[in-house]
Amino acid sequence: MRTLYQFHGGVHPPTNKTQSTRTPIAPAPLPGKLVIPFHQHVGNMARPLVKAGNRVLKGQLIGMPEDGVSSAVHASTSGTISAIGMAVVAHASGLPDLCATLIPDGQEEWVTHEGMAYRTAAGADVRLALRLAGVVGLGGAVFPSDLKLRSGKHKIKSLVLNGAECEPYITCDDMLMRERAAEIIRGAEIMRFMLDAEEVLIGIEDNKPEAIAAMQLAAAASDDKMEVIVVPTIYPSGGAKQLMRILTGIEIAAGVRSTEKGMQCFNVATALSIYRALQFGEPLLSRIVTVTGNVRNAQNFEVLIGAPVNELVALADPLPDTNLYIMGGPMMGVPLPSAQVSVVKATNCIIAASDKLFPPPPPALPCIRCTRCAEACPADLQPQELFWFAQSKNFGKAQEYSLFDCIECGACSYVCPSHIPLVQYYRFAKSEIRALEHEQAAADLARERYEFRQSRIERDKQEKAEKLAQKEMTALAARQSAATPEAAADNSAQLRIQAAVEHAREQAAAARPKNIDTLTPRQQAEIAEIEARRAKAREMAHPDAGQPKE
Amino acid sequence: MLLSTFISKPDSVSAIMLKVLLALLPGIALYVWYYGPAILVSITLASITALATEAAMLKLRDRPVKPFLSDNSALLTAWLLALSIPPLAPWWLVVVGTAFAISVAKHLYGGLGNNPFNPAMIGYAVLIISFPSHMTHWLSPHGLGQVELSFADQLAYIFGGHLPSGIKLDAVTTATPLDTLKTQLQLDRPVKEILGMPIYGALAGKGSEMVALGYILGGAYLLFKRIITWHIPAAFLGTLLVTAGIFHLIDPGHYAAPLFHLTAGAAMLGAFFILTDPISGPTTPKGKLIFAAGAGFLTYVIRVFGGFPDGVAFATLLMNICVPLIDAYTQPPVFGKKDGGAK
Ligand code: SF4
Ligand code: SF4
C-alpha cells in the first residue's frame, strides 16, 4: 500500500455530485449558432485566419497560435462564419473579447485529418501538432499542453494524472473516467512516452468508486507502470500542487516548476484530448460540461466549444427561480455575465443558481482573528493577515505575506465565521498589483519606444552626415577617378539599428515584472477591467484632457 | 465583478460566542452550588449593562446595531468579568466595570475584532485599581462561613449595601485562597500548615477548586468543538505548572505545590476562556504557544511576588501588548517553502 501524504488545511463542503452522475454523458444537440472566442487559453490570443462569409469545415483551424505561450482555435463544426467581432465571453468581468460567430450547416463535414506516428516523430513535431490541435489543460487552467510536454533538463520521475475532481457539484471528469477510461490511459501512455517519465500516478478521490474501478481496469491493461491511487475526499485535493503533495509528499512552491521536482501533472480530460489529437488528428472541438444546480435534470453533456450556455442549460431544465449561472464550482467558479455567452475550453461546469440554492451570505462582520481560515488554507498562508493588507491596499505587505502563493481555492472564505469574502479580496489585490505592473510595463515600453525613436533620429542624422561625407569622399574619389562601394555604410547603420532594437528588447525582458508573465484569460480580463475603470476615472477627473498628444 | 465562494460553512461569530457561553455553564453551576446564587445576579447585571453599552456605542459610532448586538461577544465579556469579581460586589461595581470594558476597551479601539486588549480583563484591572477594597470580599464557600446569607439577603447587600442586622461582612466573606496564602506566608507560617486551614480543599480553595473543575469541563467542550486549539491551555498551564514546580522544589515550605496554582484563582478560567480570546491573542500556532507560556510565567510571578490577589488578568494584558510582535516573528513557512519542501 502506498503511503499518502496530507497537505495542510482543506475543507469538506457538501459534495452534491450524485445529482449529475445518474445518467451517462449525453451529446448536446448542434446549436443554431456557435460563438468561438479566439482567446480561450493562457497566453497570447490566437490570430484569426477566417473572415465573415467564409465557409469552414469541422476541425478547420480558424485561429493560429501566436508566438510564445498560445494555442490554436478551431471551427467546432462545419458551416459559415457570419462575423468576426467582439462579444461578451465567459468571464466575470463582462468585457467583450474577439470571437468568431459560426452558423452550422448541420453537415458536420470534417476537414481531412489523420493521426501521426507520435512514437517515431520528433518531439518538437508532436508538440507542434498538439499546439495546432488547440490542446490545453481542461481542468480549468487552460494552459497549452504542448508546453508542458517537454522533458527539458530535468528528469521526470512521475507523471501525475489528476482525476481528483474535488470541487463540489462538478462531475465531468468522474463521468469521463467511467466511460472513456481506456482512451485516457492511451493519452497517459503518450504523455509518459513524451516526458520519458518512470511512472504514471493517477489520483482519484475516494468518492468516485465507479471511476476508480474503470480506471484501474484500463490501467492494468497498459504496459506502462501505472497506478490508480485513491485519495481521501478533501477540498482542494484536486489542486495540482495539493495532489502532487498527496501522492509524493513533495511540495512545489509558487513560482517553481513541478518539473524541477521531477513531476508533471495533467488533468484526465486533457490526457484524452491528447490521445484524440495524436491518434486521429482531431483537434479539441468539444468538452464534457456538467450542468447542475437548480435544474430538474442535472447531467453531463458533450458540448461543442462555442455553444451558447443558455441552449446548453435548457437541456437540463432549469427551475424558474434560477437567477444566475456560475461557470465552475461553488468554491472557485465565476458568475457568468449572461447566459448568452458560449462554452469555452475552460468550462467544466455550469451551475444554475438561485437564492435558495446559494443564499446570499449575511453581512460580513469584522475579522475576529479566529484563524479558522489559516487552519483551512492549503497553501499554509495566514489569510487573516492577507485580508488585512488587501483591505488596506497595503500591497507591498500583502506580497511579503505571500499573496501570490494563494491558489484562490476559497477554503478560507468557506470557513470564515464572520462571512468575509476573503478570496475576493485576494483576487482584487492580485489584479490591482498585476494592473500596476502592467501599467509599469506599458510605461517601460513607451519609454523604450521613445528612446529607440530618439536613437533612430540620432542614427539618421549620423547617417546623413556619413552619407554626406561619403558623397564628398566619392566626389573626391571620382575626382581621383577611383570608385568606393557605398553599400557598406548603409549596412552598418542598419546593423546598428538592429542591435539597438535587440538591446531594448533584452532590457525589457529583464525588467519585466514577474506577476504578469502567463495569465489566464480571466486574469487578463480582470486587469483590463481595472484599467478600463482607471481610464474612466481619469476621464472623469480631466474631462477635457482628451487624447494624449503625439 | 469579483466574487468569493458561493457556499460557506454554516457557522457564525454569534454561534461561536454562544458555544463559549455554554461552556461556562458547568463552572457557573458549581459556583452557584458552592457560593449561592449571588453570582447569577452579577452575571445578569453585567449582561444587561454590556448589551446596553454595546447598543449605545454602536449608535454613537453609527454602526448597524442588530448584527453586532446579536454577535454575543458583549455577553461573553460581561460573563467573564462577572466571574472575575466577587459575587457580593455592589451593583455599581459590576456596572462600572462592564461599561468601561465595552465602551473604552472595545469600542474606542474600533469595536469587535479591533480591540488589542481583552476587554473583560481591562474592566477587571480598572476595578481592582480603583476600588481595591470592594474586590476582596469574596463569599465563603457553602458550609464554611459563620453564617450563610439567604438569596434575599444577598440581593439586599448587592443593591442596598445592607447586611441583615447583627451580621458583619467578615462573617460571610473571606479572602481568596491565593490571598490568604500570601498574607499567612508573611506571618512566616509554612505552606503546609496554611493549606491545612478550613478554606482549603484537596488542591486549592474549597469550592473554588470545584469551580475550576467546571471550567476544565467547559474547556474540554471547547476543544472538542474546535472553538479553541490545545496550544494556549497547554502552554499556559504547562508553564504555570513548571514554574510553580521549580519554586516548590527549591523551597516547599515557602512555595505552594504546582497543582495548587493550577486550580487556584482564575488559572482555569484564564487557560480556557480568557487567554483563548482570539481577538486580543496571537494567530500563529507558535505564537499561541509563546503568548500562553509568557502569560503562565507572568501569572505565577505576579501571584507570588506581586501585590495583586491574582495574576491572570495582568499577565493577559501584558501579553496582549506583545501580540503584534509575536505574530510578526512566528509566521509559519508557506506551502513548498518548508525545509526541503518534502515530507
Ligand atoms: S476565519 Fe474569518 S474571522 Fe476568522 S481569522 Fe480568518 S478572516 Fe478572521
Ligand atoms: S484562497 Fe488563498 S488564502 Fe484562502 S485558503 Fe485558498 S490558498 Fe489559502
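In what follows, every chain begins at residue 1, and chains take the letters A, B, ... in the order their sequences are listed. Everything numeric in this text was worked out from a predicted model, so none of it was measured.
Of the atoms belonging to Leu357(A), not a single heavy atom falls under 4.5 Å from chain B. Only the side chain of Asn114(B) comes within contact range of chain A, with heavy atoms under 4.5 Å apart. Contact annotation for Glu375(A): only side-chain heavy atoms (C-beta onward) come within less than 4.5 Å of a heavy atom of chain B. Using a 4.5 Å cut-off between heavy atoms, Pro361(A) does not touch chain B at all. With a threshold of 4.5 angstrom between heavy atoms, Tyr401(A) approaches chain B through side-chain atoms but not through N, CA, C or O. At a 4.5 Å heavy-atom cutoff, the contact between Pro168(A) and chain B is made by side-chain atoms alone. Residue Glu385(A) touches chain B through its side chain alone, counting heavy-atom pairs closer than 4.5 Å. The part of Ser402(A) that comes within reach of chain B is its side chain, from C-beta onward, which places non-hydrogen atoms under 4.5 angstrom from that chain.
Using a distance-only test at 3.5 Å, with no hydrogens or angles considered, a donor-acceptor pair links the side chain of Asn118(B) to the main chain of Ile274(B). One N or O on the side chain of Lys17(A) and one on the backbone of Ile170(A) form a donor-acceptor pair closer than 3.5 Å. Formation of a donor-acceptor pair under 3.5 Å by the Ser418(A) side chain with backbone atoms of Pro366(A) is found in this model. Here the side chain of His8(A) pairs a donor or acceptor atom with the backbone of Cys377(A) at under 3.5 angstrom. Listed for the Ser237(A) side chain is no donor-acceptor partner under 3.5 Å among the backbone atoms of Thr233(A). For the pair Glu260(A) (side chain) and Val256(A) (backbone), a donor-acceptor distance under 3.5 Å is absent. A donor-acceptor pair under 3.5 Å is absent between the side-chain atoms of His107(B) and the main chain of Ala101(B), judged by distance alone.
Residues of residues 219-232 of chain B having a heavy atom under 4.5 Å from any heavy atom of chain A, listed by number: Arg226(B), Ile227(B), Thr229(B). At a heavy-atom cut-off of under 4.5 Å, chain A is reached by Pro278(B), Ile279(B), Gly281(B), Pro282(B), Thr283(B), Thr284(B), Lys288(B) from residues 277-288 of chain B, listed in order of number.
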Q: Please assess Tyr215(B) against Phe272(B) for the test ring pair (Phe, Tyr, Trp, His ring centres under 6.0 Å), listing each intermediate value before the final yes or no.
A: CA-CA 7 Å; Tyr215(B) 294 147; Phe272(B) 294 107; 9.1 Å; no

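With salt bridges taken as basic N to acidic carboxylate O contacts below 4.0 Å, none links Lys337(B) and Asp380(A).
Enclosure of atom CZ in Phe358(A) by more than 12 non-hydrogen atoms of other residues, nucleotides or ligands within 6.0 angstrom is indicated. Heavy-atom contacts from other residues, nucleotides or ligands closer than 6.0 Å to CZ of Phe297(B) number 12 or fewer.
If you tally non-hydrogen atom pairs under 4.5 Å between each of Ile326(A), Val11(A), Ile407(A) and chain B, the highest count goes to Ile326(A). Counting heavy-atom pairs closer than 4.5 Å to chain B, the top residue among Glu408(A), Met331(A), Gln6(A) is Met331(A). Annotation: maximal heavy-atom pairing with chain B below 4.5 Å, among Ala411(A), Gly410(A), Ala379(A), occurs at Ala379(A). Your options are Gly113(B), Pro10(B), Gly111(B), Ser12(B), and the one with the most heavy-atom pairs under 4.5 Å with chain A is Ser12(B). Heavy-atom pairs under 4.5 Å with chain B peak, among Val415(A), Leu365(A), Leu381(A), at Leu365(A).
Between Thr15(A) and Tyr169(A), every side-chain heavy-atom pair lies at or beyond the 4.5 Å cut-off.
For the 3.5 Å distance criterion, the side chains of Ser73(B) and Asp71(B) qualify, holding a donor opposite an acceptor. At a cut-off of 3.5 Å, with distance as the only test, no side-chain donor of Ser70(B) or Ser14(B) sits close to an acceptor on the other residue. Looking only at atom types and distance, the side chain of Asp321(A) has a donor-acceptor partner in the side chain of Asn294(A) under 3.5 Å away.
The line from CZ of Arg369(A) to CH2 of Trp388(A) is 9.0 Å long, rounded to the nearest 0.5 Å.
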